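What follows is a single structure, written as structure tokens, with notes after it.
Each chain gets a letter, A, B and so on, in the order the sequences are listed, and its residues count up from 1. Because the structure is predicted, anything quoted here is derived from the model rather than measured.
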Amino acid sequence: AQSVTQPDIHITVSEGASLELRCNYSYGATPYLFWYVQSPGQGLQLLLKYFSGDTLVQGIKGFEAEFKRSQSSFNLRKPSVHWSDAAEYFCAVVGSFQGAQKLVFGQGTRLTINP
Amino acid sequence: EPEVTQTPSHQVTQMGQEVILRCVPISNHLYFYWYRQILGQKVEFLVSFYNNEISEKSEIFDDQFSVERPDGSNFTLKIRSTKLEDSAMYFCASGKNIQYFGAGTRLSVL
């Protein structure tokens, strides 16, 4: 069964600093990977996705993520964080796209931004 | 930009009562989902729905839960007899390759 691990429960960075949020997945074949962000009191907003092709994917709000098959990772990065990036970030995986598919989420990483 | 709409945003109910959580998926989507997030825990899949029937359900989705698409626009989750442990944020999503989420309904069972 698919699984996702986000090793960092909580990360604090200073505004303007770079950010990397870690995500490791477990799946036998090539997974379809997603990063979602949840701001306080809000739903889940899709930041970016990886289906195939270029392993470095660009998303909204200046985020990017890199798929590394050898490390079973899909880490999220941003070169310079803004105070508005404070939120909960979830990595998720879908096994395939045959019919309706469930997303399997990681535990989430809560990001705090210091001024 | 089309979005998934959920109502109510917060539902308070007494243990043992029935609740219905409502969702309006994005209009041209055919695949629908419910997820839940217990406070401080990960988002968990409950059920997927396509072509007017359940495609897959998790072990959480027992006989107390049901889903329905009563008309062309709404998608509902019913919990027949709520328990304290049903207290959670419930998210509706729609889409196939990419799932778009609503803002959620916070269910508080007292």
Side-chain angles (χ1 to χ4, degrees), chain A residues 1-10 21-27 30-53 57 59-61 65 87-110, chain B residues 1-10 21 23-26 29-61 67 69 75 88-106:
Chain A
Q2 304 97 317
S3 68
V4 176
T5 301
Q6 292 179 248
D8 304 305
I9 301 298
H10 185 201
L21 303 183
R22 295 183 290 165
C23 172
N24 293 97
Y25 66 89
S26 173
Y27 182 66
T30 300
Y32 298 96
L33 294 156
F34 304 81
W35 275 98
Y36 284 86
V37 60
Q38 183 182 29
S39 298
Q42 303 296 311
L44 296 163
Q45 182 183 23
L46 179 68
L47 281 176
L48 46 76
K49 63 190 183 296
Y50 172 77
F51 291 169
S52 65
V57 293
I60 62 171
K61 305 185 181 188
E88 187 102 21
Y89 291 80
F90 293 94
C91 182
V93 64
V94 169
S96 70
F97 284 116
Q98 295 181 7
Q101 283 290 324
K102 65 182 181 185
L103 284 171
V104 176
F105 286 87
Q107 188 74 17
T109 297
R110 184 160 61 94
Chain B
E1 182 178 310
E3 60 180 19
V4 176
T5 306
Q6 290 186 244
T7 55
S9 57
H10 190 192
L21 310 183
C23 170
V24 179
I26 294 172
H29 285 181
L30 302 177
Y31 296 85
F32 314 112
Y33 313 81
W34 284 99
Y35 294 81
R36 80 171 185 190
Q37 184 183 29
I38 294 172
L39 189 64
Q41 298 186 22
K42 66 171 68 177
V43 178
E44 303 172 285
F45 169 80
L46 289 178
V47 65
S48 58
F49 190 86
Y50 170 72
N51 199 26
N52 280 321
E53 61 183 24
I54 290 174
S55 299
E56 184 177 355
K57 59 183 180 180
S58 72
E59 61 273 13
I60 303 167
F61 195 88
V67 289
R69 187 154 164 82
F75 179 52
M89 181 74 89
Y90 289 80
F91 291 108
C92 173
S94 70
K96 185 176 187 293
N97 293 354
I98 298 171
Q99 293 181 32
Y100 296 89
F101 284 77
T105 294
R106 179 164 298 284

**OP:** Compare every heavy atom of B/Phe45 with every heavy atom of A/Lys102, then report the nearest pair and how far apart it is.
**Re:**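 So the two residues come closest at CB-CD1, 3.2 Å.
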**OP:** Indicate the atoms forming the closest heavy-atom contact of B/Phe91 with A/Gln38, along with that distance.
**Re:**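 In terms of heavy atoms, the two residues are closest at CZ-NE2, 3.3 Å.
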**OP:** Measure B/Tyr35 against the heavy atoms of chain A and call it side chain, backbone, both or neither at under 4.5 Å.
**Re:**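 The side chain, not the backbone.
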Subject >> Under 4.5 Å from a heavy atom of chain A, the part of B/Glu56 involved >> reply: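 Only the side chain of B/Glu56 comes within 4.5 Å of chain A.
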Subject >> Toward chain B, the part of A/Leu46 with a non-hydrogen atom under 4.5 Å >> reply: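 Contact with chain B involves the side chain of A/Leu46 alone.
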Original post:
Does any heavy atom of chain B fall under 4.5 Å from the side chain of A/Val4, the backbone, both, or neither of them?
Top reply: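 A/Val4 touches chain B through backbone heavy atoms alone.
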Original post:
Heavy atoms, side chains only, cut-off 4.5 Å: are B/Ile98 and A/Phe51 in contact?
Top reply: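 Yes; the side chains approach each other to less than 4.5 Å.
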Subject >> Pairwise side-chain contact, B/Phe101 with A/Gln42, heavy-atom cut-off 4.5 Å (strictly under) >> reply: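 In short, these two side chains do not touch, never coming nearer than 4.5 Å.
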**OP:** State the CZ-CD distance between A/Phe90 and B/Gln37, to the nearest 0.5 angstrom.
**Re:**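 One gets 4.5 Å once the value is rounded to the nearest 0.5 Å.
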**OP:** First locate atom CD of B/Gln41, then atom CD of A/Gln107, and finally report the distance between them rounded to the nearest 0.5 Å.
**Re:**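 B/Gln41 CD to A/Gln107 CD: 7.0 Å, rounded to 0.5 Å.
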Subject >> Under 3.5 Å: donor-acceptor pair, side chain of B/Tyr100, backbone of A/Leu44 >> reply: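 Looks like no, no N/O pair under 3.5 Å.
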Exceeds 12 heavy-atom contacts within 6.0 angstrom, atom [atom1] of [X]:
| X | atom1 | answer |
| --- | --- | --- |
| A/Ile60 | CD1 | yes |
| B/Arg69 | CZ | yes |
| A/Lys49 | NZ | no |

